[in-house]
There are 2 protein chains.
Amino acid sequence: MRVVIARCSVDYVGRLTAHLPLATRLLMVKADGSVLVHSDGGSYKPLNWMAPPCRMAEVDPSDDEREDGVIAAWAVQHTKSEDRLRVLIHEVLHDSSHDLGIDPGLVKDGVEAQLQALLAQHIQTLGEGYSLIRREYMTAIGPVDIMCRNADGATVAVEIKRRGDIDGVEQLTRYLELLNRDPHLQPVAGVFAAQQIKPQARTLAQDRGIRCVTLDYEALKGMDDSTARLF
Amino acid sequence: MRVVIARCSVDYVGRLTAHLPLATRLLMVKADGSVLVHSDGGSYKPLNWMAPPCRMAEVDPSDDEREDGVIAAWAVQHTKSEDRLRVLIHEVLHDSSHDLGIDPGLVKDGVEAQLQALLAQHIQTLGEGYSLIRREYMTAIGPVDIMCRNADGATVAVEIKRRGDIDGVEQLTRYLELLNRDPHLQPVAGVFAAQQIKPQARTLAQDRGIRCVTLDYEALKGMDDSTARLF
DNA sequence: GGCTGCATTTCGTTC
DNA sequence: GAACGAAGTGCAGCC
């Protein structure tokens, strides 16, 4: 990996056109040829970049560019598209290269999958007498997160989200529409379960007779000692 | 901005739990305290990070950690949540700091806005005799991208996307439902226009009587000489 | 390889 | 500030 701190301007032409005026920035050139342009703030997202696969070449600045103070120019061309990144360097403050080797990669634990597992394990969170049918109940249009039965023996389809948005309600609606065509299952009720449910989503759900349940991740985790060993 | 190349392991606890085994990586500490952990490949996304606002502190490794070869430890704590990032450093290969100043920021040109402008300008792309009513037609649930009239004088609501997905069809469906309650407008037809329309979205749209139109961005741009000056 | 759904999404705009 | 929609979204899983 090559790390350069330089006063530079950057131009990107591809899916959109973008320009970075002259300023001091960090330029990162990765082993796969990808280039990242970072400022000293913002978020993890670079101001501008070129994704792999691509090729980076140091080219001669034009006469006009030289007159403007450009001492070096990078031309980064994406291999599979017309995306181009051009970096015009006016001053180099630092330039070093390092051999990092291949990264073993990130190990992740739980997100929505864990919410689903916890709720399936404690399905009575939805109400007295609820029992699990199965997780990831497959249908023609995709898997229903949880299928269960309520105290009356009626089938209930549960859609789980970390953040409950309108599109989650739409998704559950499509499942319910399909499931209710099956005479063996029909009638199937819907539950929209999320850690946080947006007001618009709640309104839409209620309008369609879908019950909303707010999930307390910490409480669900606390109910179950066996998850403790995972942490 | 501080740039460190180090052999390190990283642990994140917050919205999820994640671990990076010992390896050589680039650590970036920005002026706002945010920390980025980059490998020598992948994409512009760091392997791990802490978003601002947060505080970074160099702390003493525990005795156990010291025995494992840890020579320094970073504790990064998010200011507004319980998110924590811990970096255990085993070897420092590079460490430098640089004053970058405030970045003037990125200047972007067009994406979906441009598609919308171009289609509005060449509304006959949708068919002979089409005429524009207006762009960004406001309704109680949001703006319809384009409202126009077809050859028969009937009102047509157009939803424009770069990538036509199911949620775009759902969005247009909600608009049409609302618009068709207005006796002055009713009946309102729907057109789902996108550069690329996913099969599932197309099926759903057709099922609801919504016409799908694939937009050719380059062709639209070519129809109009006046856009040339923008590039 | 393409499509689908999730993301520690991030980011901008609007209400 | 919250909410909603777009992103040069990226990314993983599955068909």
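Note on naming: letters A, B, ... go to the chains in the order of the sequence lines (proteins, then strands), and numbering restarts at 1 for each one. As a basis for the values below, the full set of heavy atoms in this structure was taken, side chains included, without hydrogen atoms, waters or symmetry mates. Bear in mind the structure is a predicted one, so any value in this text is a computation, not a measurement.
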Give the nucleotide from the list dA6(D), dG8(D), dT8(C) with an atom nearest to the side chain of Glu159(B). dA6(D)

Tell me, which pairs form a salt bridge (charged side-chain N to carboxylate O under 4.0 Å, His left out) where one or both residues lie in residues 18-33 of chain A, sequence neighbours left out? Arg25(A)-Asp103(B)

Would you mind telling me which residue lines up with the more 5' stretch of DNA chain C, Arg174(A) or Tyr12(B), judged by nearest nucleotide? Arg174(A)

In whole Å, what separates the C1' atom of dA7(C) from that of dA6(D)? 15 Å

Whole angstrom value for the distance that separates C1' of dC3(C) from CD1 of Ile197(B): 16 Å

Under 4.0 Å from any atom of DNA chain C, heavy atoms only: list the residues of residues 202-215 of chain A that qualify, in numerical order. none

All pairs passing salt bridge (charged side-chain N to carboxylate O under 4.0 Å, His left out) where residues 72-89 of chain B contributes a residue, at least two apart: Glu65(B)-Arg86(B)

Any residue meeting side chain to side chain contact (heavy atoms under 4.5 Å, CB included) with Thr203(A), in chain and number order, not counting sequence neighbours: none

Give the residues of residues 21-39 of chain B touching DNA chain C, defined as any heavy atom closer than 4.0 Å, sorted by residue number. none

Measure from the side chain of Gln171(B), starting at C-beta and using heavy atoms only, and say which of dG8(D), dC6(C), dA6(D) lies closest. dA6(D)

Qualifying salt bridge (charged side-chain N to carboxylate O under 4.0 Å, His left out) pairs, either residue in residues 35-55 of chain A, two or more places apart: none

Would you list the protein and nucleotides 11-15 of chain D atom pairs, both N or O, that sit under 3.5 Å from each other?
| unit_1 | atom_1 | unit_2 | atom_2 | d |
| --- | --- | --- | --- | --- |
| dC11(D) | OP1 | Ser43(B) | OG | 2.6 |

More 5' along DNA chain C: Asp83(B) or Pro143(A), using each one's nearest nucleotide? Pro143(A)

Sequence-distant partners of His19(A), ring-ring contact (aromatic ring centres under 6.0 Å, His included), two or more places apart: none

Interatomic distance where NZ belongs to Lys161(A) and C1' belongs to dC6(C) [whole Å]: 7 Å

With sequence neighbours excluded, residues passing salt bridge (charged side-chain N to carboxylate O under 4.0 Å, His left out) with Arg208(A): Glu170(A)

Residues two or more places apart in sequence or in another chain: which of them pass ring-ring contact (aromatic ring centres under 6.0 Å, His included) with Trp49(B)? Tyr44(A)

With a 4.5 Å cut-off on side-chain heavy atoms, are Val158(A) and Asp145(A) touching? no

Can you tell me which residue among Val156(A), Leu119(A), Leu172(A) is in a side chain to side chain contact (heavy atoms under 4.5 Å, CB included) with Val191(A)? Val156(A)

How far, in whole Å, is dT8(C) from dC14(D) if one measures between their C1' atoms? 24 Å

Name all residues meeting the side chain to side chain contact (heavy atoms under 4.5 Å, CB included) criterion together with Ala205(B); count only those two or more places apart in sequence or in a different chain, and write none if there are none. Val169(B), Ile210(B), Cys212(B)

Closest nucleotide of DNA chain D for Lys80(B) versus for Gly14(A): which of these residues is on the 5' side? Lys80(B)

Hits for side chain to side chain contact (heavy atoms under 4.5 Å, CB included) against Ile102(B), two or more places apart or cross-chain, chain-then-number order -> none

Which of these nucleotides, dT8(C), dA6(D), dG8(D), is closest to any side-chain atom of Trp49(B)? dT8(C)

Comparing nearest nucleotides in DNA chain D, the 5'-proximal residue of the pair Ala201(A), Leu106(B) is Ala201(A)

